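Note sheet for the following structure.
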Amino acid sequence: MRSFRLAVAFLTIVPVRLAGEPAQVGSAAPWFPLVGAVLGAVAGGVVYVTEPSLGRIVAAILGVGLLVVLSGGLHQDGLADCADALGGTGDRDRRLAILRDSSIGTFGGLALIFWSLVVVAGVGGLDRGDVVAAVMVAATVGRWSALVHAISSPAAREDGLGAGFVVGGRAVGLAGAGAAVVALGSLGPARGAGALAVAGLVGLGASAASRRALGGRTGDTLGACVAISEAAVIVMLLASASSPGT
């Protein structure tokens, strides 16, 4: 369970003692989807409980906000940094320098606003009976998507989280199996497979984009991958729920 505690410490704000734990975060990769499932279930549960008294949108804001807070804003920070780096002008070195700048620029702010609007509107548009499963699956496969990104792209530089986050095929496979159990068990074969496919495509797309613009993955691209996957999966689940015959 040491690697599980490491995953909890890295992906959440929950205080976990890590004395004697392995230093490589990649060793905790198989547990990433499970941690995401717990976070998503809690956030979705808040939406479910508060919707009757507060309405869909306020409930969605509370649930999505709690998901961000529990994860320490880790993925949203990566999304904002990547938007600033890719939205401006400059070469690869300039983009990497922007990623290390802790301030948020115009593109980063716009990306956070757009992400928040999409996710809150998507969660608010779901039926109350589906919202817990949908948010849980989005958070689960979103963290698996980052592992797909990590294994399918080299590190952009020799230091930093992107270089230190090394995962193997076995770890990604175990994480994928866990994500599949959660997705298929919660949403059924069609919608569960759709969520996995969307997350996998986002992970591969993040790898292609980061290789072209940065030379490979960084900690920020990994975080952005999670955030984008969550939004994409929520939108897909909303669309599938609204389609005739679903």
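Nothing here was measured: the structure is a model prediction, and the numbers come from that model.
Taken together through direct or relayed side-chain contacts under 4.5 Å among Ile, Leu, Val, Met, Phe, Trp and Tyr, Y48 and I234 form part of one hydrophobic cluster. Linking ILVMFWY residues whenever their side-chain heavy atoms come closer than 4.5 Å, directly or via other members, leaves L86 and I104 in distinct clusters. In the hydrophobic clustering of ILVMFWY residues, with side-chain heavy atoms under 4.5 Å counting as a link, L54 and V46 come out together. Under the 4.5 Å side-chain heavy-atom criterion for grouping Ile, Leu, Val, Met, Phe, Trp and Tyr, I57 is connected to V135 within one hydrophobic cluster. In the hydrophobic clustering of this structure, V233 does not group with V181; members are Ile, Leu, Val, Met, Phe, Trp, Tyr whose side-chain heavy atoms approach within less than 4.5 Å, directly or through other members.
Looking at L62 and L66, their side chains never come closer than 4.5 Å, going by heavy atoms from C-beta outward. When side chains are defined from C-beta on, D127 counts as touching R56, because their heavy atoms get closer than 4.5 Å. Within the 4.5 Å cutoff, the side chain of M136 has heavy atoms near those of the V182 side chain. Taking 4.5 Å as the limit, every side-chain heavy atom of I98 sits out of range of all side-chain heavy atoms of D81. Looking at L187 and L237, their side chains come closer than 4.5 Å, going by heavy atoms from C-beta outward. Annotation: side chain of R191 is not in contact with side chain of V137 (no heavy-atom distance under 4.5 Å). Using a 4.5 Å heavy-atom cutoff, the side chains of T218 and S210 are not in contact. Using a 4.5 Å heavy-atom threshold, the side chains of F32 and V172 count as separate.
In terms of modelled atom types and a separation under 3.5 Å, the side chain of T221 and the main chain of R217 share no donor-acceptor contact. A side-chain donor-acceptor contact under 3.5 Å links R92 to the backbone of L214. Of the possible donor and acceptor atoms, one in the side chain of R143 sits under 3.5 Å from a partner among the backbone N and O of A139. A donor-acceptor pair is defined here as one N or O able to donate and one able to accept, closer than 3.5 Å; no such pair exists between the side chain of W115 and the backbone of Q76. For S145 (side chain) and G203 (main-chain N/O), a donor-acceptor pair under 3.5 Å exists by modelled atom type.
Between A150 and V167, the shortest heavy-atom contact is CB-CG2, 3.9 Å. Contact detail for D84 and G108: the closest heavy-atom pair is OD1-N, 2.7 Å. Of all the heavy atoms in P33 and P30, the pair that sits closest is CD-O, 3.7 Å. For the pair A85 and L99, the tightest heavy-atom approach, listed with the atom from each and the gap, is CB-CD2, 3.7 Å. Across all their heavy atoms, G40 and L67 have their closest contact at N-CD1, 4.2 Å. Minimum interatomic distance between S71 and L39 (heavy atoms only, all atoms of both residues): CB-CD1, 4.5 Å.
From L196, atom CG reaches atom OG1 of T140 across 9.5 Å, with rounding to the nearest 0.5 Å. With rounding to the nearest 0.5 angstrom, the CZ atom of R170 is 5.0 Å from the CG atom of L174. From L79, atom CG reaches atom CZ of F107 across 13.5 Å, with rounding to the nearest 0.5 Å. Atoms OG and CZ, from S207 and R212 in turn, are 11.5 Å apart once rounded to the nearest 0.5 Å. If you take OG on S186 and CG on D130, they are separated by 11.0 Å, rounding to the nearest 0.5 Å. Put simply, CG on D77 and CG on L112 are 8.5 Å apart, with the number rounded to the nearest 0.5 Å.
For R128, the CZ atom sits in a packed shell: over 12 heavy atoms of surrounding residues, nucleotides or ligands are nearer than 6.0 Å.
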For this session: Report the C-alpha separation of E230 and V226 in whole Å, then their side-chain angles, then the decisive distance to 0.1 Å, and conclude whether the side-chain contact (heavy atoms from CB on, under 4.5 Å) test is met.
Result: CA-CA 6 Å; E230 288 176 338; V226 175; 4.0 Å; yes
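The side-chain contact (heavy atoms from CB on, under 4.5 Å) test applied to V14 returns V8, T12, V16, not counting sequence neighbours.
Of the options V69, V120, V47, a side chain to side chain contact (heavy atoms under 4.5 Å, CB included) to V64 is made by V120 and by none of the others.
Ring orientation note: the planes of F4 and W31 are nearly perpendicular, at an angle over 60° on the 30°/60° scale.
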